[in-house]
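Please read the structure below before turning to the comments.
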Amino acid sequence: MSEALPHTTAQRVPFWQRKASLILLMILAALAVFGTTTQTWIHVGIAQGEVAQSDLNIAGNKAAVAVSALALVALAGSLATTIAGKIARIVTSCIVFASAAGIVAVVLGIVLDPATAAMTEVGAATGVEGVPSDATTTIFPILAIAAATVLGLITLLALWAGRGWSVRTKYDAAKATGEKESEGPIDEIDHWHRLSRGEDPTE
């Protein structure tokens, strides 16, 4: 007769509700946005005339400095969410969502009017302000919009799923003296916190 498997009251959390999974996706989306800014966003064909230069490639971190900054803010907010309490988690998630929305707004402006976005760099490269140019965007601004949209949607999901996330701190042991540990759903981060306190997360 086979032995019965140990019983555990811990429920497995679906992938789309896990703190570790959602925060990892937020971090990856923020990094993806930042990564696109290192690539060429605008290709400029400058009209021949007083300047000799005919072509100019402008990277995203020059065409839209704000996008790089907002991506870093979103990344920092995503990392902060891993250790934030319930109220702080709402604040950091709202910051990340606002950053994602800001990225989409800024990039859309570049996609709709690349010539204006390229004007400063064209002037710096040619030494002549207001040089006529034929500016077109590459695929990378579109990828930035896609990544920022994913970031915003995941952040909203994290806000919703985060209502059931537990918070583990070094003060929990003192607060929970004489009380039984919650038997609600746990995820990888909860396991790690329990192991760090010398507890068996399978009990």
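These numbers come from the heavy atoms of this one structure, side chains and all, not from hydrogens, waters or symmetry mates.
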- request: Could you tell me which non-hydrogen atom of A158 sits nearest to which non-hydrogen atom of L22, and how far apart they are?
  value: CA-CD1, 3.8 Å

Straight-line distance of L56 CG to I42 CD1, nearest 0.5 Å: 9.5 Å

message: For V96 versus L151, what's the shortest heavy-atom pair and its separation?
response: CG1-CD1, 3.8 Å

message: Once side-chain hydrogen bond (donor to acceptor under 3.5 Å, both in side chains) is applied, do any residues pair with T37, and if so which ones, sequence neighbours excluded?
response: S68

statement: With sequence neighbours left out, the residues meeting side-chain hydrogen bond (donor to acceptor under 3.5 Å, both in side chains) with T138 are none

Non-hydrogen atoms of T36 and W41 that approach each other most closely: O-NE1, 2.8 Å

message: My understanding is that only residues two or more places apart in sequence, or in another chain, count here; which of them pass side chain to side chain contact (heavy atoms under 4.5 Å, CB included) with T116?
response: D113

Heavy-atom pair with the smallest gap, counting every atom of I110 and A63: CD1-O, 3.9 Å

query: Got a second to check how far I90's CD1 is from I95's CD1, nearest 0.5 Å?
result: 12.5 Å

- request: Indicate if V111 and L143 have the same hydrophobic cluster label, given that clusters are the connected sets of ILVMFWY residues with side-chain heavy-atom separations under 4.5 angstrom.
  value: yes

query: In the single-linkage hydrophobic clustering (I, L, V, M, F, W, Y; side-chain heavy atoms under 4.5 Å), do L153 and I103 co-cluster?
result: no

Please set out all donor-acceptor pairs under 3.5 angstrom arising from side-chain atoms of residues 24-32, sequence neighbours excluded.
none

statement: So side-chain hydrogen bond (donor to acceptor under 3.5 Å, both in side chains) across residues 142-159, not counting sequence neighbours, yields none

query: Quick one: do V65 and L70 end up in the same hydrophobic cluster if we chain Ile, Leu, Val, Met, Phe, Trp and Tyr together by side-chain heavy atoms under 4.5 Å apart?
result: no

- prompt: Side chains of F34 and L75: does their closest heavy-atom pair fall under 4.5 Å?
  reply: no

query: Is the number of heavy atoms from other residues, nucleotides or ligands within 6.0 Å of CD1 (I87) greater than 12?
result: no

field: Pair listing, side-chain hydrogen bond (donor to acceptor under 3.5 Å, both in side chains) test, anchored in residues 92-105, at least two apart
entry: T81-T92

query: Can you tell me how far CG of D134 sits from OG1 of T136, rounded to the nearest 0.5 angstrom?
result: 6.5 Å

query: Is there a path from L156 to V91 through hydrophobic residues (I, L, V, M, F, W, Y) whose side chains come within less than 4.5 Å of each other?
result: no

